[in-house]
Amino acid sequence: MSGSSGLDLAAARRALPILDEVTYLNTGTVGIMAEPVLAAHLAAVAHYERGGHVAEETAREGYERARAVLARLIGAEPDEVALTRNATDGVALVAASLPLGPDDLVLTTDQEHPAVLFPWALAQRRGRGRLSFFSVALDPEETYHRFVRAVHPATRLVVISHVSCETGTRLPVGAICSYCRERGILTLVDCAQSVGQFRVNLRQMGCDFATGNGHKWLCGPKGTGFLYVRADRLCVLEPPLVGAGATAPPFDRQLLGEDPAGAPWDFVASARRFEYGTRNLHDYAALSAAIEYLEGFGWEAVEQHVAATSGLFKTALAAEPGVTLYSPERWEESSGLVTFGVAGWGGEELSRSLWNDYGIIQRRVQVPDAVRVSCAYFTALDDLERLLAALRALRRS
Ligand SMILES: Cc1ncc(COP(=O)(O)O)c(C=O)c1O
């Protein structure tokens, strides 16, 4: 498989020692960090933690560099990127910032992660928007038609995953964003399951807001993420929180005087307005290292490898008696996430047995009641063979 994608699979796997112990098929939940990235990460932590304020300037340079590297990766300007802790943060910030009334509709899908559902459920409880739904089909054209039928005159925002965490289905985000743009409806795309698997260009996608993280497909540090706010949409959001670093001019006691509320300060004119206070600057140095490490294999090779592996997984799984595949077959409509069920097994018990009895790390999904595996840049054919052998043994048991 390494030959067909051009990715140096042996080198990729050598840098991931956990692969000697387990079959790791769960990058869609959390990635595993390659040793060179981990070395950069530990060095950045040591530098900032040991040096404190002495190390502040270089730590901040690393932080800003990460913003620039990430922005380049996702087709954005650095000023359009707020660095967050995770993908959920991005959704929660938009949900808390967008001035919506109780009758304004927020249209989303039936396959969203709690990262999308809870922030909007809370906003709704507080009288800011009301959730409405359309269902994702395996066929993107059918998904698009269902979406169009679900749009209502009161729809103000559409919130969709780029890739469904349930079935790995890739949604027709470009078509949906362009439909919305023509009608003045805002769009927020959850890229938690897309950035790092295949190339994502937010500018081309045409969304207004997007969110993602560094700890899944980028295999970067846990607790890193981003919120993208298209430059001309910054004014639409009213940040719910503020602190030092998020304002212009910067903090000045004389300026604030005795009436901070009335003083002439505003939010900084970039997505940095969502960042304030002391931050985990060192983690972001390692996020650049993670992105550059994958770049070293070549993004095209990474994507081809994920496409080839997941394609083989799907073909082999579909040929197994009693196995039902829930992910679309064509790469352009799917992703490295492959969801399947086995007759007679609930997702939870199948997932538990694969983990405990066979050392195959994957995840259960709820709808459908099934198991999801993630094919990442380091996934090998042997991983597939082990999974198939385990499924056959479970069927016999
Ligand atoms: C589609 C999707 N969105 C959001 C999240 C949450 O990501 P985070 O943990 O970075 O907030 C996940 C995590 O599995 C996901 O699959």
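Values reported hereafter were calculated over all heavy atoms of this structure, with side chains retained and with hydrogens, waters and symmetry mates removed. All values derive from a computational prediction rather than experimental measurement. Just so you know, ligand 1 is whichever comes first in the structure, and atom 1 is the first atom listed for that ligand.
Using the six-membered ring where Trp is involved, Y179 and F147 have ring planes that are perpendicular, over 60° apart on the 30 and 60° scheme.
Cation-pi geometry between R170 and F198 is satisfied (NZ or CZ under 6.0 Å from the ring centre, within 45° of the ring normal). R395 forms no cation-pi arrangement with W345, by the criterion of a distance under 6.0 Å to the ring centre and an angle within 45° of the ring axis.
A distance limit of 4.0 angstrom between heavy atoms and ligand 1 selects the residues G28, N86, A87, T88, H113, A115, S161, C165, D190, A192, Q193, N213, H215, K216.
Checked by atom type and distance alone, the side chain of D104 never pairs as donor or acceptor with a backbone atom of G129 at under 3.5 Å. S310 places a side-chain N or O within donor-acceptor distance of the main-chain N or O of V306, the cut-off being under 3.5 Å.
When side chains are defined from C-beta on, T109 counts as touching F134, because their heavy atoms get closer than 4.5 Å.
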